[in-house]
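Note sheet for the following structure.
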Number of protein chains: 2
Amino acid sequence: MVTLDGLTDNTPAEVPMTVSPPDRPGRHNLDPHVTRYAARTAGMTASEIRALFAVASRPEVVSLAGGMPNLAALPLDSLSTQIADLIAEDGLVALQYGSAHGIPLLREQICEIMALEGISAHPDDVVVTVGSQMGLDMVTRLFCDPGDVVLAEGPSYVGALGSFAAYQAQVIHVAMDDEGLQPEALREALAQVAKAGKRVKFLYTIPNFHNPAGVTLAASRRPEILEICRSHGVLVVEDNPYGLLGFEGQTYPALRSTDPDNVVYLGSFSKTFASGLRVGWVLAPHAVREKLVLAAESATLCPPTLNQLIVSRYLSTHDWKGQIKTFRENYRERRDAITSALEQYMPAGCSWTNPDGGFYVWVTVPEGVDTKAMLPRAVTARVAYASGTGFYADGFGSRQMRLSYCYPTPERIKEGVRRLAAVLEAEMDLVRTFGNVSMRPISGPETPSPDTA
Amino acid sequence: MVTLDGLTDNTPAEVPMTVSPPDRPGRHNLDPHVTRYAARTAGMTASEIRALFAVASRPEVVSLAGGMPNLAALPLDSLSTQIADLIAEDGLVALQYGSAHGIPLLREQICEIMALEGISAHPDDVVVTVGSQMGLDMVTRLFCDPGDVVLAEGPSYVGALGSFAAYQAQVIHVAMDDEGLQPEALREALAQVAKAGKRVKFLYTIPNFHNPAGVTLAASRRPEILEICRSHGVLVVEDNPYGLLGFEGQTYPALRSTDPDNVVYLGSFSKTFASGLRVGWVLAPHAVREKLVLAAESATLCPPTLNQLIVSRYLSTHDWKGQIKTFRENYRERRDAITSALEQYMPAGCSWTNPDGGFYVWVTVPEGVDTKAMLPRAVTARVAYASGTGFYADGFGSRQMRLSYCYPTPERIKEGVRRLAAVLEAEMDLVRTFGNVSMRPISGPETPSPDTA
């Protein structure tokens, strides 16, 4: 079994806060409003690599950094016609306020989609959100007081870490291996938090084709994870944007499918249809769902009506399953390109995961190489990636990086990996000659952006 | 000068919390997750009149309750064509993630719109949000720790009260009269809060065509309000969704126009174009804007790209100023209908504001009548309104109601007021015979919904 390097030792003995340190002492803050912000705002720090993305987005740079879905296969002409009809026929509804709960027909259709992964749900218990990012933010809003603990895989989705930080929740990472979250590590984390006298509010988990780790929670582990959470009185928040993107068309039973009362499920159309519409959803136990609607009203009043009607009409009139199959095939071709390029080019001492779905490969580099420090050199060499530290709330991840194969062509992916390997070789040479090339300070989570999401 | 009844005595001596009381003791809570929620979640209570809206939305009921813009004048055919072209020509951008900051061209166009009210701004300092409700939520997220005080007009926008409650901010209302917020009342409120050892984070104000009060802050008062806030170190949050809907085409200088460093400005396309697109914006001082983008990323990742492009194209290709003029004329016709119906039908002892723009009339009824208790009887008589208590965080407003004239036809408005007057007459008869008809408990703010927004 391949172990994701370092993931077994990252449940810290002391419970660190996810909030970033404030401005360094001695540094003058030019913001006249600095004394007015809420305590939570101190944790909102921009990704240090954000500035690099302006460079990384130049056409000559192969970006393996972003998580943007590849939409090229979308049937734009037919979508154009459908949306035109929608506005002409139903524009006064499409352009008007709706309810915070979401359009009933769309919520029914969402239940049909979730049935593909074994979920039996009532449309009343679905809340449509502005992308599943909003669902995540709303769930955190409902459950987390400052200092409450959230358990999350290590590494975890950068956007989730951003929401947890915004509510001053404290993230404890739980180790994964190539079969996903380790039940024993979950038990240990729960024991440690209990010992520290803290309260765990939920386990946040991405069971399928994990972002950024690229692994999937083994079906055999799922009942055990659910049982551990249930017996410890811990809610499960299951985030599943990639579940239908298994390269062999395989699906896994959703955690929600066997434990409807203790799982809040997050879904999204961003990876199976169109991210720019920002349509996602939360399926929650009934009482939680009622509170979610209230929270969503105070956050955005209602999700955009037009966007919901577009998704609903698309699901009614297009072969959406066929479209997902096309997406899947495109991504499989790119996964094949990246794994064969990694095999071909990467220096000895590197390892990586082998995703069977989704968008990401998680790479571990040899001791001494710091992926965050190396990034500017990589961008100079015309390749970009997301360094591992953004996916941890505790400063871990400097020997890791996430490579996204979802967007570039297979040829560009191959060229990108070739460039990355050369940068890495040079870095490893430096390490062999001079020791560690940087002393990176521990830092908090970076704020998500579509570039790293 | 007409005084909004009761508005001079609603700055309470003791500082009340905006958070609603939890379930009444002795009442069994059926939610198994009840012990897991964050403290803030206790403040999320559904509007007691929500259940009534199912009845109120029946066609035989004249609803003067909702704040839905009347979109009938929108050019649906041409919008349909434009949006179809947008998808066909630029679909891969429109359907893809964008930045949390918003599309640059749209931010430039927003600056041109704000210039109509005297604002000179750089597009970099504009952040596009999912409606201005999200802007409000983000501003509160940035500035308010639990227990921080927000000053707001009494009454104030129900959706703002919902966001303030979600962040456990404490709302202190400041009295208005028919020239808007009273400077002297603002000074008194500031002194009171200082005396209580609390911190005021910002003044939330709707200077133009106030929701729900229907009044406008006199131009002569604006410099004074700004000066009071500035000298007390209090930020101003200026919410201006209705500013371009003055019935004579008049506009007022935005507070932001003369104090760019101390005002955060919220704008919206919901009332001047299409509410269902959920496109609003925040204009903020530079340092605040940077934090807003980070907060927005953790909330929704990015606003819907398609919706931003639709608004941008609409502004580029349509006579949007002509369209606003059309909207304005429709609303003026309806304002005329409601004010003449109020004159004609309302019993003696009632008073109301005379809006010269926007959507709302604020009515005060005689002592003894409780508008919340009366609402079911009004709905039975086939007319709905929003009772005043939803617009206060402190339980005030039981002698007030908001009538929205934006949506129904003038004939329906007249009939609705006729029915309302009859219900009110009957209620006043009861009061004369039996004294107060209800003992309404003090309650916290209701959660907004598009019905009451």
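Naming: A, B, ... by sequence-line order, numbering from 1 per chain.
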**Request:** Flag the one option from Gln96(B), His33(B), Lys291(B), Met138(B) with the top tally of heavy-atom pairs under 4.5 Å to chain A.
**Result:** Gln96(B)

**Request:** Mind ranking Ala166(B), Pro304(B), Cys144(B), Gly91(B) by heavy-atom pairs under 4.5 Å with chain A and telling me who comes out on top?
**Result:** Pro304(B)

**Complete:** ring pair (Phe, Tyr, Trp, His ring centres under 6.0 Å) filter on His286(B), not counting sequence neighbours, yields none

**Message:** Just so I know, are the side chains of Arg289(B) and Val293(B) near enough to count as touching, which here means a heavy-atom distance under 4.5 Å?
**Reply:** yes

**Request:** Pick one of side chain, backbone, both or neither for Ala88(B), based on which atoms fall under 4.5 Å of a heavy atom in chain A.
**Result:** both

**Request:** Select one option (side chain, backbone, both, neither) describing which atoms of Tyr407(A) are under 4.5 Å from chain B's heavy atoms.
**Result:** side chain

**Asked** Out of Arg278(A), Glu89(A), Met134(A), which one racks up the most heavy-atom pairs below 4.5 Å with chain B?
**Response** Arg278(A)

**Item:** Options Leu306(B), Leu74(B), Asp148(B), Leu92(B), ranked by heavy-atom pairs under 4.5 Å with chain A, top entry
**Value:** Leu92(B)

**Message:** Quick one, Phe273(A) and Gln323(A) - any side-chain contact, counting heavy atoms below 4.5 Å?
**Reply:** no

**Asked** Pro303(B) versus chain A, heavy atoms under 4.5 Å apart: side chain, backbone, both or neither?
**Response** backbone

**Asked** Can you tell if the side chain of Arg313(A) reaches within under 4.5 Å of the side chain of Asp85(A), non-hydrogen atoms only?
**Response** yes

**Flag, side chain of Ser268(B) to backbone of Ser132(B), donor-acceptor distance under 3.5 Å** = no

**Prompt:** Looking at Thr305(B), Val288(B), Asp145(B), Leu277(B), which has the largest count of heavy-atom pairs under 4.5 Å with chain A?
**Reply:** Asp145(B)

**Item:** Sole candidate of Val234(A), Leu235(A), Val150(A) that passes side-chain contact (heavy atoms from CB on, under 4.5 Å) when paired with Val200(A)
**Value:** Val234(A)

**Fill in**
Cut-off 4.5 Å, heavy atoms of chain A, and the answer for Thr140(B) is backbone

**Item:** Contact check, side chains of Pro69(A) and Phe359(A), non-hydrogen atoms, under 4.5 Å
**Value:** yes

**Complete:** Cut-off 4.5 Å, heavy atoms of chain A, and the answer for Arg199(B) is side chain

**Message:** Taking the side chain as everything from C-beta on, heavy atoms only, tell me whether Val282(A) gets closer than 4.5 Å to Val264(A).
**Reply:** yes

**Request:** Examine distances only and state if a side-chain atom of Gln133(B) and a backbone atom of Cys302(A) form a donor-acceptor pair shorter than 3.5 Å.
**Result:** no

**Complete:** From the list Val279(A), Leu309(A), Asn262(A), Ile310(A), the residue making the most non-hydrogen contacts under 4.5 Å with chain B is Asn262(A)

**Message:** As an exercise: rank Thr41(B), Ile87(B), Leu95(B) by heavy-atom pairs under 4.5 Å with chain A and give me the winner.
**Reply:** Leu95(B)

**Message:** If the contact rule is any heavy atom under 4.5 Å from chain B, which residues of residues 75-84 of chain A qualify, in numerical order?
**Reply:** Leu76(A), Asp77(A), Leu79(A), Ser80(A), Ile83(A), Ala84(A)

**Asked** So do the side chains of Lys201(A) and Tyr167(A) get within less than 4.5 Å of each other, counting heavy atoms only?
**Response** no

**Prompt:** Heavy-atom distance under 4.5 Å between the side chains of Met44(A) and Tyr37(A), does that happen here?
**Reply:** no

